[in-house]
Amino acid sequence: MANCLIAYFSREGNNYVNSRIVDLPVGNTEVAAKIVQRLTGGNLFKINPVKKYSTDYNTCTKEAQKELRENARPELTAYPDSIELYDTVFLGYPNYWGTCPMPVMTFLEKLDFSGKTILPFCTHEGSGMGRSESDIRRACPRAQVEDGLAIRGASVKDAGKEIERWLKNHGI
Ligand SMILES: Cc1cc2nc3c(=O)[nH]c(=O)nc-3n(C[C@H](O)[C@H](O)[C@H](O)COP(=O)(O)O)c2cc1C
């Protein structure tokens, strides 16, 4: 399935994994996105806000909470050249405060996903997909938003089989 896009947001730096703060040189969602890429042959696109979140975990949680409260749409550094080429868009993100990070909402609202299938996947530390799927459906009313895959951040490196099963369930 080469004509799919794998768009994801992921943050490297300090994070909370299995009740401890650890330093992740590569974010959990990025690890998952690269597994999806390997299994599908699609094109990767990283969603980057102009103003990066702090690498400090506690500061980042405050920044993200403020954005959520304000329903912010942080500016992104870039967008894919064209999404017309893609019928299927995988959308990866960490669960932030029960939903997707606000830069992901910017991405969804700036582009036209009409007629496309969106397959969300998230990494998390216990809350699963949260309310992210319904938030994505609201942002992209003309897309087919499938049920997502929630991957525990701490075990993302071993998620290959789980991701493979999810893809199979969606006929990919
Ligand atoms: C700002 C922030 C908010 C978070 N909120 C939640 C949450 O509500 N529920 C949850 O299960 N995990 C939460 N987490 C944990 C992340 O979802 C988890 O560590 C994820 O794997 C990080 O992905 P990344 O390394 O790709 O950025 C939060 C982490 C951060 C930094």
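None of the values given here were measured: they were computed from a predicted structure. Both counts, for ligands and for their atoms, begin at 1 and track the order of listing.
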Just jot down the ligand 1 atoms closer than 4.0 angstrom to any heavy atom of [X], in number order.
| X | value |
| --- | --- |
| T61 | 1 (C), 2 (C) |
| G98 | 8 (O) |
| P94 | 17 (O), 20 (C), 22 (C), 23 (O), 27 (O) |
| G126 | 11 (O) |
| G153 | 21 (O) |
| T29 | 23 (O), 24 (P), 26 (O) |
| A64 | 1 (C) |

Of the listed options N15, N14, N58, closest to atom 22 (C) of ligand 1 (non-hydrogen atoms):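 It is N15 whose heavy atom sits nearest to atom 22 (C) of ligand 1.
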
Backbone or side-chain N or O of E125 under 3.5 Å from ligand 1 N or O: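 Checking ligand 1 against E125, an N or O pair does fall under 3.5 Å apart.
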
Ligand 1 N/O within reach of Y96 N/O, cut-off under 3.5 Å: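 Looking only at distances, the answer is no, because the N/O contact criterion of under 3.5 Å is not met.
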
Identity and separation of the nearest protein heavy atom to [atom]:
| atom | answer |
| --- | --- |
| atom 5 (N) of ligand 1 | W97 N, 3.0 Å |
| atom 27 (O) of ligand 1 | R11 N, 3.0 Å |
| atom 9 (N) of ligand 1 | S127 OG, 2.6 Å |
| atom 25 (O) of ligand 1 | N28 N, 2.7 Å |
| atom 28 (C) of ligand 1 | N95 O, 3.4 Å |

Looking only at non-hydrogen atoms, find the nearest pair between [X] and [Y] and report the distance.
| X | Y | answer |
| --- | --- | --- |
| E133 | V145 | O-CG1, 4.5 Å |
| I83 | L5 | CG2-CD2, 4.0 Å |
| A150 | G128 | CB-CA, 3.8 Å |
| R138 | P141 | O-CD, 3.6 Å |
| C122 | M129 | SG-SD, 3.7 Å |
| D147 | R137 | OD1-NH2, 3.2 Å |

Mode of T123 contact toward ligand 1 - side chain, backbone, both, neither (heavy atoms, under 4.0 Å):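 For T123, backbone and side-chain atoms both sit under 4.0 Å from ligand 1.
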
Under-4.0 Å heavy-atom contact with ligand 1, by part of Y53 that carries it: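 Neither; no heavy atom under 4.0 Å.
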
F45 ring center within less than 6.0 Å of Y86 ring center: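 Centroid separation for Y86 and F45: 6.0 Å or greater.
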
Ring geometry between F107 and Y79 (parallel below 30°, tilted from 30 to 60°, perpendicular above 60°):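 Ring orientation of Y79 relative to F107: parallel.
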
Crowding at CD, E75 (>12 non-hydrogen neighbours, <6.0 Å):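 Open: at most 12 neighbouring heavy atoms sit under 6.0 Å from CD of E75.
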
CA sep, side-chain torsions, deciding dist, call: Y93, T29, side-chain hydrogen bond (donor to acceptor under 3.5 Å, both in side chains): CA-CA 6 Å; Y93 48 87; T29 312; over 6 Å; no

Ionic contact status for K46 with E12, cut-off 4.0 Å: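 Yes, E12 and K46 are salt-bridged.
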
